[in-house]
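One-based numbering, in listed order, for ligands and for the atoms of each. Sequence positions, counted from 1, serve as the residue numbers for this chain.
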Amino acid sequence: MIKDEKILFSGMQATGNLTLGNYLGALKNWLALAGEYTCFYCVVDLHSITVRQDPAELRKRARNLFALYVAAGLDPEENCIYYQSHVSGHAELAWILNCFTYMGELNRMTQFKDKSAKHADNINAGLFTYPVLMAADILLYQTDVVPVGIDQMQHLELTRDIAQRFNAIYGDVFTIPEAYLGKSGAKIMSLQNPEKKMSKSDENPNASIFLLDDKDTILRKFKRAVTDSEAVIAYRDEQPGIKNLLDIYCACTGKMPEEAVAEFSGKGYGELKSAVGETVADLLAPLQKRHVELLTEKDYIDRMIKENAQKADSYALKTLRKVQKKVGFPERVR
Ligand code: TRP
């Protein structure tokens, strides 16, 4: 397939294990878009240290995330999958953009407010300027489209504002990126509290399906999923647990909610839960199989990590050098 010249950029943090929510809400969109754009998929490890991490654990998780991108079907020879920390341009551009971002703007970021409430003992400057680093990620590659979850929209809006502000002063330096929100309905909720998003950092392991959960675990977690006492399978806000199960089923099968409701009409919650569990286990099976294979392909992964870091770096440098020149840094003498 001949790819468009257009650039797609997205990233995920390597904290926690990826969940079914990450897969259905993000990775699946990435797979669908991979053929159309020149894609950069970043393991955003610089962002991860805005909260305390165990170094060995972070390194392990970052590698695991890299392998999961590949296992999910993103070909690392076709798509630039790389670690943010391997391309120093991210941090360099972030510094420059910090000088074009207002305290007031960052103060309004809801993720900052949430995270500082959660990590009250460590409200560091990195947590505050997190969105500027994210803007640097995106703008460094002259990105046209950014697939993001709704919770990242505010950061994307800020990215656009920073880019426009910079361009207004220095001319057309940055491409103004657009968000790609994907299909609605792919927001997967916690199995233990269907009012809350399924999260990699949920303390209750039964709340989330992790991509590497084995079949028995998946079936057991669905069996324990919180529902209600209505005893009727309907797709409505008043039954958030059942609605979530139907949403998951539909996201996996491509069916419409009405179809799913018809299929399960007259059946019990137990049957619905085991059908959804089986569907999810089947969906994840090929990814899990590939992930196991990849564990034995260490040299291949290492080579991809290296080659893609170089590729990303050469793209990033083009923008970075241009920006450095625009703001007035002296030319480099080689
Ligand atoms: N902040 C994003 C999140 O938590 C991750 C991220 C970092 C990102 N840089 C990005 C997403 C650039 C898209 C584009 O989900």
Side-chain angles (χ1 to χ4, degrees), residues 6-19 21-30 33-34 37-51 53 58 61-62 65-66 68-69 74 79-87 89-94 97-98 101 106 109-116 118-119 126-163 174-182 186-188 197-202 208 312 315-316 319:
K6 290 206 165 182
I7 308 283
L8 177 151
F9 186 100
S10 201
M12 272 189 210
Q13 290 213 41
T15 39
N17 292 319
L18 287 199
T19 69
N22 299 122
Y23 183 82
L24 295 174
L27 267 179
K28 209 163 153 251
N29 282 333
W30 293 10
L33 294 166
Y37 296 88
T38 298
C39 299
F40 292 86
Y41 296 114
C42 189
V43 175
V44 296
D45 48 1
L46 298 182
H47 279 105
S48 296
I49 64 163
T50 53
V51 301
Q53 302 291 340
L58 177 61
R61 290 212 155 127
L65 182 58
F66 193 106
L68 267 179
Y69 282 178
L74 294 169
N79 304 284
C80 190
I81 303 175
Y82 73 103
Y83 295 123
Q84 190 184 27
S85 61
H86 283 185
V87 178
H90 289 257
E92 291 182 73
L93 182 62
L97 298 182
N98 266 325
T101 308
L106 294 177
M109 296 292 122
T110 52
Q111 186 173 299
F112 171 67
K113 291 186 220 170
D114 292 349
K115 286 203 180 170
S116 24
K118 207 166 152 198
H119 304 278
L127 199 61
F128 189 61
T129 60
Y130 177 115
V132 185
L133 178 58
M134 178 163 161
D137 298 343
I138 296 168
L139 299 178
L140 204 45
Y141 296 89
Q142 303 294 348
T143 302
D144 296 285
V145 15
V146 187
V148 279
I150 191 96
D151 60 320
Q152 294 297 313
M153 271 309 275
Q154 204 186 20
H155 291 164
L156 196 74
E157 284 303 326
L158 178 68
T159 302
R160 290 163 56 89
D161 289 344
I162 297 171
F174 295 124
T175 302
I176 309 299
E178 303 277 344
Y180 175 91
L181 269 175
K187 187 171 176 197
I188 305 304
K197 196 174 129 177
M198 185 181 285
S199 159
K200 341 183 233 197
S201 48
D202 204 307
S208 311
Y315 261 85
T319 304

Please classify the V146 to ligand 1 contact at 4.0 Å (heavy-atom distances, strictly less than): side chain, backbone, both or neither.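 Answer for V146: side chain.
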Side chain, backbone, both or neither: I138 near ligand 1, heavy atoms under 4.0 Å: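 I138 to ligand 1: side-chain contact only, backbone stays beyond 4.0 Å.
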Ligand 1 atoms in contact with H47 (distance to a heavy atom under 4.0 Å):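 Checking each atom against H47, I get 7 (C), 9 (N).
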Suppose I only count heavy atoms of F9 and a 4.0 Å limit; which atoms of ligand 1 are within that range?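 Selected atoms, number and element: 12 (C), 14 (C).
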Nearest protein heavy atom with distance in Å, relative to [atom]:
atom                   : value
atom 9 (N) of ligand 1 : D137 OD2, 2.7 Å
atom 5 (C) of ligand 1 : G11 O, 3.7 Å
atom 2 (C) of ligand 1 : Q152 OE1, 3.4 Å
atom 4 (O) of ligand 1 : Y130 OH, 3.1 Å

Working for side-chain contact (heavy atoms from CB on, under 4.5 Å), residues H90 and V44: CA-CA 10 Å; H90 289 257; V44 296; over 6 Å; no
Verify the distance criterion only: is there a donor paired with an acceptor across the side chains of D45 and S48 at less than 3.5 Å?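 Checked: D45/S48 side chains show no N/O donor-acceptor pair below 3.5 Å.
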Is there a donor in the side chain of Q111 and an acceptor in the side chain of D151, or the other way round, less than 3.5 Å apart?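 No.
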Checking side chain to side chain contact (heavy atoms under 4.5 Å, CB included) between L8 and each of Y180, Y41, F40, W30, which is the one that passes?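 Of Y180, Y41, F40, W30, side chain to side chain contact (heavy atoms under 4.5 Å, CB included) with L8 is met by Y41 alone.
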Side chain N79, main chain C39, donor-acceptor under 3.5 Å: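 It does not hold such a pair.
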Closest approach of T319 to L139 (non-hydrogen atoms, all atoms of both residues):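 Reported closest heavy-atom pair: CG2-O, 3.8 Å.
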